[in-house]
Amino acid sequence: MRWLCGLAIFFAALLFTRAVFAHGVVGDYVFLEPLITQDPTPANELDILGPSWVKSSDANTYAISSSIEKVLYLDDNHMPRFSVGGGTNWSHASTFEGSSRDGWNDLEMFAKFSPYYSLEHEFLVSFVVNFQIPTGNQAVQEQNHTSIGPGFLWEKGMGDLPNWKGIKYLRPFGIQSDFGYVPAVGGHTSHDMFADATIEYSLPYLSNNVRDIGLKWPLRNLYLFNEINYDQLITGPSGETFPSLLATPGIAYVSYHFELSIGTQFALNQASISGNHAAILGLLDIFYDSIFTKVGNWTINKGFGQ
């Protein structure tokens, strides 16, 4: 009980922090951490809690995910250029017929490198190598072969639009996108291709860089977003290779220390309906380098910094 009270006080203190942002900054734009889309920005993050509930045609599936990412290289402008990370999730599938299934899923790891960015145009490009290792329960994990494959990530803020009447209100928009292919190594049952795009509207950017319309906390810290998520097994079991196409709208609160997001999902094609009748997704993402500043900001080339 003392531990729970202490944790509640800790997050309450974070919630009422109104400092400037520290995560995903490219120029003047602060990009959020999407629910599904891979974040193009190398960052120091701890996705401490990612709960989800999905109702399909044959089960209710509850899951809790967690992951961590660490920046290992900063350039001379102190922009993060290289990071590594990984994570997994625990899920419980309450089937409508037969026995339930639960356990840990695959261990997913990645290495991310950003070769180019433009602060002026709020633009960044990254390449990522994704690894999936089948260390979990075979009854719930996505595949039973080790997989490795590349991904291409990019993001763009619209702050370079002209500051004209009407058009200037488009400047708080941002786009993040990924595309990847992760084939199985030594097996043929899981050759996965995915592509995602997130469009977001930053109320902090509106207030700070376009026009202060009088938004107060917590509205001043909110982002509105929608993701389009595509996923498909290119080679796999017969009847399981149809594309999944989903929309994931949501809202996010982003502060100096953390992001708290919640969203839902809607099927956009016939093949996705059976697997997604209803869904709720959440994310609590801690920017740990803003809390443990010395250790959290350590990199290979800069050390512990100042």
Side-chain angles (χ1 to χ4, degrees), residues 14-45 47 77-80 114 116-126 153-179 195-229 246-266 281-287 290:
L14 294 186
L15 185 63
F16 285 93
T17 300
R18 305 187 190 185
V20 295
F21 296 95
H23 160 77
V25 181
V26 184
D28 292 329
Y29 202 93
V30 180
F31 291 92
L32 59 77
E33 171 80 2
L35 291 175
I36 306 296
T37 307
Q38 286 189 286
D39 186 354
T41 313
N44 294 312
E45 296 181 334
D47 292 351
N77 294 321
H78 292 275
M79 276 291 292
S114 175
Y116 175 78
Y117 65 88
S118 170
L119 301 181
E120 178 184 1
H121 296 288
E122 300 169 349
F123 178 69
L124 181 142
V125 170
S126 291
L153 320 174
W154 65 274
E155 58 192 5
K156 175 73 172 74
M158 299 300 163
D160 51 4
L161 289 174
N163 198 32
W164 298 342
K165 183 178 181 179
I167 292 181
K168 66 181 181 181
Y169 293 103
L170 300 178
R171 295 175 61 209
F173 276 105
I175 300 173
Q176 301 181 73
S177 184
D178 67 34
F179 173 79
D196 306 279
T198 301
I199 184 168
E200 61 201 65
Y201 194 84
S202 169
L203 295 183
Y205 194 96
L206 173 66
S207 297
N208 298 328
N209 299 88
V210 179
R211 179 188 175 190
D212 190 344
I213 60 175
L215 293 176
K216 303 299 183 182
W217 181 91
L219 296 179
R220 196 180 182 95
N221 291 65
L222 295 183
Y223 285 64
L224 306 176
F225 66 89
N226 184 52
E227 300 187 38
I228 302 297
N229 311 116
L246 302 168
T248 308
I251 188 169
Y253 175 93
V254 182
S255 77
Y256 182 74
H257 293 297
F258 77 103
E259 173 187 330
L260 182 63
S261 302
I262 188 169
T264 186
Q265 287 189 314
F266 301 98
L281 293 81
L283 175 66
L284 175 56
D285 184 15
I286 304 297
F287 312 143
S290 67

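Here the structure is a predicted model, which means the values were calculated and not measured.
- Atom CG in Leu161 sits 13.0 Å away from atom NZ in Lys168 (nearest 0.5 Å).
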* Begin from the C-alpha positions of Phe258 and Leu284 and carry the test side chain to side chain contact (heavy atoms under 4.5 Å, CB included) through to its verdict. => CA-CA 7 Å; Phe258 77 103; Leu284 175 56; 3.7 Å; yes
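- Atom CG in Leu153 sits 11.5 Å away from atom CZ in Phe179 (nearest 0.5 Å).
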* To do: Please step through side chain to side chain contact (heavy atoms under 4.5 Å, CB included) for the pair Gln176 and Phe225, ending with a clear verdict.
  => CA-CA 11 Å; Gln176 301 181 73; Phe225 66 89; over 6 Å; no
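- Tyr201 contributes no side-chain N or O that, together with a main-chain N or O of Leu222, makes up a donor-acceptor pair within less than 3.5 Å.
- For Glu200 and Ser202, the side-chain atoms include no donor-acceptor pair closer than 3.5 Å.
- To the nearest 0.5 Å, atoms CG (Leu283) and CG (Leu260) are separated by 8.0 Å.
- One finds the OG1 atom of Thr198 at 10.0 Å from the CD1 atom of Ile175 (value rounded to the nearest 0.5 Å).
- Although no hydrogens or angles enter the test, the distance criterion places a donor-acceptor pair under 3.5 Å between the side chain of Ser114 and the main chain of Val125.
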* List the steps, then state whether side chain to side chain contact (heavy atoms under 4.5 Å, CB included) holds for Phe123 with Trp154. => CA-CA 8 Å; Phe123 178 69; Trp154 65 274; 4.1 Å; yes
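- Thr248 OG1 to Asn226 CG: the interatomic distance, rounded to the nearest 0.5 Å, is 7.0 Å.
- Between Tyr29 and Tyr223, the ring-plane angle classifies as perpendicular under the 30° and 60° cut-offs.
- A side-chain N or O of Glu155 and one of Thr41 form a donor-acceptor pair less than 3.5 Å apart.
- Annotation: salt bridge (charged side-chain N to carboxylate O under 4.0 Å, His left out) contacts of Lys156 (sequence neighbours excluded): Asp160.
- The distance from the CD atom of Glu259 to the CG atom of Asn221 is 11.5 Å, given to the nearest 0.5 Å.
- A distance-only check finds a donor-acceptor pair linking the side chain of Ser126 to the backbone of Pro40 [under 3.5 Å].
- Here the side chain of Glu33 pairs no donor or acceptor atom with the backbone of Asp285 at under 3.5 angstrom.
- Trp217 and Tyr253 form a side-chain donor-acceptor contact under 3.5 Å, judged by distance and modelled atom types alone.
- With sequence neighbours left out, the salt bridge (charged side-chain N to carboxylate O under 4.0 Å, His left out) criterion links Asp28 to no other residue.
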* Start with the C-alpha distance between Leu170 and Met158, add both sets of side-chain angles, then the distance that settles side chain to side chain contact (heavy atoms under 4.5 Å, CB included), and finish with yes or no. => CA-CA 7 Å; Leu170 300 178; Met158 299 300 163; 5.7 Å; no
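- Within the 3.5 Å criterion, the main-chain N or O of Ile36 finds a donor-acceptor partner in the side chain of Glu227.
- Proximity of a side-chain donor or acceptor of Gln265 to a complementary backbone N or O of Leu246 within less than 3.5 Å is not detected.
- Here the closest heavy-atom approach between residue Glu122 and residue Gly159 is recorded as OE1-N, 2.9 Å.
- With hydrogens and angles disregarded, a donor-acceptor distance shorter than 3.5 Å links the side chain of Arg171 to the backbone of Asn209.
- In terms of heavy-atom proximity, Leu32 sits nearest to Asp39 at O-OD2, 4.2 Å.
- With hydrogens and angles disregarded, no donor-acceptor distance shorter than 3.5 Å links the side chain of Asn229 to the backbone of Asp196.
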